[in-house]
Amino acid sequence: MTAATELLSPPATVALHGEDPAWQALLRQGGPGEGGVPFLDGESLLHALYGPLCAMRRRGSTYVVGHLAQSLDGRIATTCGVSRWLSGDEDLLHTHRMRAIADAVLVGASTVQHDDPQLTVRLCAGEHPTRVILDPERRLDGSQKVFTDGKAPTLLLVAADRMGRKPRCGQAEVIPISRGEHGLDPFEIRRVLALRGLHWLFVEGGGITVSRFLAAGALDRLQITVAPVIIGSGRPSLVLPEIHDLAHSLRPRTRRFLLGDDTMIECAFHE
């Protein structure tokens, strides 16, 4: 597939507090606004970046978008797991907007263990997605914010053979998932969540989780935000099975967006 690229610059000032009527109009319907808000300019960053994603949501079928922020040398964190703040404010706002679009936001157990994220929508208008934590070996102890703050419905997905007798972890419901070749089966995750009405999924991290979804062919799109920093060591971004011929490499259709000092490359694998 021939890669098509597009470079778009953001507005000079990025609204970080959710009072953007154009964003709210797009989030509602992705087209003509309500209450006097005009149709979004097709050349604007908001329309170009989020319009197609909102359109996919309106289809009602399962759709999965992954996201990673990495350094110029392909690292997402230091060796000991420190990743804040690798990318800038504009990319942080972007992740909150992606959460607002999504039915569910997914992260792996390591992300919860190291970052203790809230995974809620705070920097823009929108509802909190269901939080889904992938913890095959059930090693999280339930003390993290996602299990205790009660701000959004939360699911803990564990390997079926590690389910045990406790149906809850803090305030989260525990759900058994079949194992795949490497960890929980991404397509089984998609199927189980779809049965609960969670069709539009945002895989926010970390590198292992996103890599497994990508290797399985279970990502429809992947967004990689590259920050202008070199770490020199640390945890890698994507890790896929080894290939010996570049003919076997993935060549998705791509779009590029400037997010402040960062550059986000969006890869489309399926429409």
Side-chain angles (χ1 to χ4, degrees), residues 16-18 27 64-70 76-159 162-177 183-184 186 189 192-193 196-198 200-213 223 225 227 234-235 237:
L16 292 178
H17 302 291
L27 189 61
V64 183
V65 179
H67 177 274
L68 289 173
Q70 68 174 50
I76 61 171
T78 64
T79 302
C80 59
V82 176
S83 61
R84 297 184 179 181
W85 301 97
L86 179 58
S87 55
D89 288 343
E90 289 83 354
D91 186 54
L92 181 60
L93 172 61
H94 169 69
T95 60
H96 281 244
R97 284 176 169 164
M98 293 297 294
R99 292 173 188 174
I101 294 173
D103 296 322
V105 55
L106 286 75
V107 297
S110 293
T111 296
V112 172
Q113 189 172 48
H114 288 287
D115 297 342
D116 197 16
Q118 297 180 59
L119 302 178
T120 54
V121 178
R122 303 183 303 282
L123 298 183
C124 66
E127 297 182 1
H128 301 323
T130 295
R131 303 177 293 195
V132 180
I133 314 304
L134 310 184
D135 186 13
E137 305 306 324
R138 200 166 181 175
R139 55 191 176 87
L140 295 173
D141 61 13
S143 65
Q144 295 79 15
K145 293 174 184 174
V146 292
F147 302 122
T148 61
D149 63 16
K151 292 182 178 179
T154 306
L155 306 175
L156 179 66
L157 273 53
V158 304
R162 300 291 291 177
M163 178 65 185
R165 296 183 178 180
K166 295 182 180 180
R168 304 195 72 82
C169 178
Q171 298 183 37
E173 180 183 357
V174 182
I175 300 175
I177 299 289
L184 302 183
I189 292 172
V192 169
L193 294 180
R196 291 171 170 261
L198 305 174
W200 208 107
L201 313 178
F202 180 44
V203 184
E204 192 172 320
I208 293 174
T209 300
V210 174
S211 294
R212 287 178 176 171
F213 268 77
Q223 300 170 340
T225 298
R235 301 188 178 188
S237 177

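Index from 1, following the sequence.
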* To do: Given side chain to side chain contact (heavy atoms under 4.5 Å, CB included), test Phe213 with Leu134 step by step and report yes or no.
  => CA-CA 12 Å; Phe213 268 77; Leu134 310 184; 4.0 Å; yes
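Arg99 places no side-chain N or O within donor-acceptor distance of the main-chain N or O of Val121, the cut-off being under 3.5 Å. With hydrogens and angles disregarded, no donor-acceptor distance shorter than 3.5 Å links the side chain of Gln70 to the backbone of Ile76. In this structure, His67 contributes its side chain and Glu204 its backbone to no donor-acceptor pair below 3.5 Å. Remark: side-chain polar atoms of Arg131 are paired, donor with acceptor, to backbone N or O of Val146 under 3.5 angstrom. Side-chain atoms of Thr111 come within 3.5 Å of backbone N or O of Gly206 as a donor-acceptor pair. In this structure, the side chain of Asp141 engages the main chain of Ser143 through a donor-acceptor pair within 3.5 Å. No donor-acceptor pair closer than 3.5 Å links the side chain of Thr225 to the backbone N or O of Gln223.
Side-chain contact between Arg196 and Leu155 is present, with at least one heavy-atom pair separated by less than 4.5 Å. Counting heavy atoms from C-beta outward, Val64 and Leu106 have side chains that stay 4.5 Å or more apart. Within the 4.5 Å cutoff, the side chain of Trp200 has heavy atoms near those of the Val65 side chain. Under the 4.5 Å side-chain criterion, counting only non-hydrogen atoms from C-beta, Leu119 is not in contact with Lys145.
Note that OG1 of Thr95 and CG of Leu92 are 4.5 Å apart. Values are rounded to the nearest 0.5 Å. Note that NE2 of His96 and OG1 of Thr120 are 6.5 Å apart. Values are rounded to the nearest 0.5 Å. Atom CG of Leu157 sits about 9.5 Å away from atom CD of Glu173, to the nearest 0.5 Å. Rounding to the nearest 0.5 Å places CD1 of Ile177 at 10.5 Å from CG of Leu156. Note that CD of Gln113 is 7.0 Å distant from CD of Gln144, once rounded to the nearest 0.5 Å. Of the inter-residue distances, the one linking Leu193 atom CG with Asp103 atom CG reads 9.5 Å to the nearest 0.5 angstrom.
Side chains of Ser110 and Arg139: a donor-acceptor N/O pair is present below 3.5 angstrom, by distance only.
Residue Ala172 comes nearest to Phe147 through the heavy atom pair CB-CD2, 3.6 Å, listed as atom of the first residue, atom of the second, then distance. Shown here for Gly142 and Cys169, the closest heavy-atom pair between the two residues is CA-SG, 3.5 Å. Nearest heavy atom pair, residue Lys166 against residue Arg138, reads O-NH2, 2.8 Å. Here the shortest heavy-atom pairing between Ala100 and Gly126 reads CB-CA, 4.0 Å. Between Asp135 and Val158 the shortest heavy-atom distance is O-CG1, 3.3 Å. When every heavy atom of Ser87 is checked against every heavy atom of Ala227, the shortest pair comes out as CA-CB, 4.2 Å.
Annotation: Ile208, atom CD1; neighbour count of heavy atoms from other residues, nucleotides and ligands within 6.0 Å does not exceed 12. Within a 6.0 Å radius of CD in Glu127, other residues, nucleotides and ligands contribute 12 heavy atoms or fewer.
Partner of Phe202 under the side chain to side chain contact (heavy atoms under 4.5 Å, CB included) criterion, out of Val105, Ile101, Val132, Val107: Val105 alone.
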